[in-house]
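In what follows, a structure is listed as structure tokens, so that the remarks can point back to it.
First listed ligand is number 1; within each ligand, the first listed atom is number 1.
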Amino acid sequence: MIVVFGGNGQLGQELTRAAASRVITLQALTHAEADITDSAAVAVALARWKPDLVVNAAAYTKVDLAESNVADARRINETGPAVLACVCASAGIPMVHVSTDYVFDGTKESAYCERDPVCPINAYGRTKAAGEDAVRRILKRHVIVRTAWVYSEFGQNFLKTILRLAATGDELRIVADQYGSPTSAREIAEAILHIAPLLLRDQGLAGTYHFTADGVTTWHGFASRVVAIAAPITGLNPLVIPIQTARYPTAAKRPANSCLDCRLFVQTFGFSLRYWSEGVDATTRVLAASSQRATSHVA
Ligand SMILES: NC(=O)c1ccc[n+]([C@@H]2O[C@H](COP(=O)([O-])OP(=O)(O)OC[C@H]3O[C@@H](n4cnc5c(N)ncnc54)[C@H](OP(=O)(O)O)[C@@H]3O)[C@@H](O)[C@H]2O)c1
């Protein structure tokens, strides 16, 4: 039995879907059902479900808002994982905790590996780095999976924003000097369920790993792909114009290089990465088709 905290998020919902197709027993708890900052609530949940493994998919993920809501971001991204780690440690349960490329400053010329020192440049990244530290300090049997540029059919994400903006028919101006690997929450869920039995068998696998899709693009490359795949379905084909980060000011600074070197994950767990556009194409087709059905229904 696996218990997931943050069950209503992109990753939480994909974990539920992936478990159903693999016949794995998994209980995903929403924020309302279990608040990760409330140790009593976490203890009650673990006593009730008696999991072999906990997955923390809960987080404060509003990167720009975190700049002004540091206390909330810290509570959810630092205190929450610390609470989960404490309760898991007392109950003897291992935990997979999910983290981010935003723990790095993005100045490295090549992909970041697990041993590169963290150096976050925004509040979200600082709280996520502190959450990682807490998990490492408190719970020996942990795996931290850092990922990046997450999208899915569920929740809010860049891919959905592009489809929404494309529907307005206007030109899209998208940042073309930040590099990363768009990663499907579905793939992350598959990867976590793949490693779960291995972690339970071998405590020596504890540690920090990078996991994203294969290949690299920019936000502009990502958006262009979404528009190209959606166009034949929606009939909308706006121009996607590349711009520099300086032309799109945001509250939080973003790393210019978000690429994560995932070789350790692939070699350790024998899980192969899919090229980033495969997942983007599949998710775009599903979302574009469902928006077309909704539009034709209204018409
Ligand atoms: N999204 C990305 O691009 C990205 C990139 C790199 C890494 N990551 C990491 O990947 C993981 C999953 O991200 P995601 O995109 O699936 O996030 P998400 O869609 O924003 O979901 C986060 C979930 O956490 C829940 N939550 C918030 N506070 C909570 C609390 N105190 N107790 C319990 N649940 C709480 C939220 O519920 P409510 O909405 O009801 O509060 C939400 O369902 C996170 O660790 C994130 O940092 C994400």
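- Distances between N or O atoms of T61 and those of ligand 1 include at least one value under 3.5 Å.
- Counting heavy atoms from C-beta on, the side chains of M1 and P51 come closer than 4.5 Å.
- With salt bridges taken as basic N to acidic carboxylate O contacts below 4.0 Å, none links D261 and K108.
- Under the 4.0 angstrom criterion for non-hydrogen atoms, W149 is in contact with ligand 1.
- No N or O atom of G12 sits closer than 3.5 Å to an N or O atom of ligand 1.
- Side-chain contact between L26 and W49 is absent, with no heavy-atom pair separated by less than 4.5 Å.
- Ligand 1 is never approached by G80 to a heavy-atom distance shorter than 4.0 Å.
- Neither the backbone nor the side chain of S152 comes within 4.0 Å of ligand 1, counting heavy atoms alone.
- Atoms of ligand 1 found under 4.0 Å from any heavy atom of A57 (numbered from 1 in listed order, with element): 12 (C), 22 (C).
- Using a 4.5 Å heavy-atom threshold, the side chains of K128 and D101 count as separate.
- In terms of protein heavy atoms, atom 16 (O) of ligand 1 is closest to L11 N, 2.9 Å.
- Closer than 4.0 Å to atom 39 (O) of ligand 1 lies none of the heavy atoms of the protein.
- Side-chain atoms of N77 come within 3.5 Å of backbone N or O of Y60 as a donor-acceptor pair.
- In this structure, atom 37 (O) of ligand 1 lies nearest to the protein heavy atom H31 CB, 3.6 Å.
- Ranking protein heavy atoms by distance to atom 34 (N) of ligand 1, first place goes to A58 CB, 3.4 Å.
- Here the heavy atom of the protein found nearest to atom 31 (N) of ligand 1 is D35 OD1, 2.9 Å.
- Nearest heavy-atom pair, L200 versus P94, reported as atom, atom and distance to 0.1 Å: CD2-CG, 3.8 Å.
- With a 4.5 Å cut-off between side-chain heavy atoms of Ile, Leu, Val, Met, Phe, Trp and Tyr, the cluster of F222 takes in V63, Y102, Y124, W149, Y151, F158, L159, I162, L163, L165, L172, I174, V175, W219, V226, V227, V240, I243, Y248, Y275, W276, V280, L287.
- Across A34, A28, A32, G6, heavy-atom proximity to atom 33 (C) of ligand 1 is greatest for A34.
- Annotation: side-chain hydrogen bond (donor to acceptor under 3.5 Å, both in side chains) contacts of E33 (sequence neighbours excluded): T30.
- When D214, T183, T212 are each tested for a side-chain contact (heavy atoms from CB on, under 4.5 Å) with C262, only one passes: T212.
- With contacts defined as side-chain heavy-atom distances shorter than 4.5 Å, the pair I121/P255 qualifies.
- Atom 2 (C) of ligand 1 has V150 CB, 3.4 Å as its closest protein atom, hydrogens excluded (heavy atom only).
- Proximity to T147 (heavy-atom distance under 4.0 Å) selects the following atoms of ligand 1: 6 (C), 7 (C).
- Scanning all protein heavy atoms for the shortest distance to atom 45 (O) of ligand 1 gives K128 NZ, 2.8 Å.
- With a heavy-atom cut-off of 4.0 Å, I76 touches ligand 1 through its side chain alone.
- The shortest distance between side-chain heavy atoms of R17 and R22 does not fall below 4.5 Å.
- Between T30 and ligand 1, no N or O atom pair is found at a separation short of 3.5 Å.
- Nearest protein heavy-atom neighbour of atom 43 (O) of ligand 1: G9 N, 3.1 Å.
- Of the residues T217, T218, T245, the one that meets the side chain to side chain donor-acceptor pair (under 3.5 Å) test with Q178 is T245.
- Residue contacts with ligand 1 for F158 are absent, since no atom lies close enough (heavy atoms, distance under 4.0 Å).
- The protein non-hydrogen atom at the shortest distance from atom 8 (N) of ligand 1 is Y124 OH, 3.8 Å.
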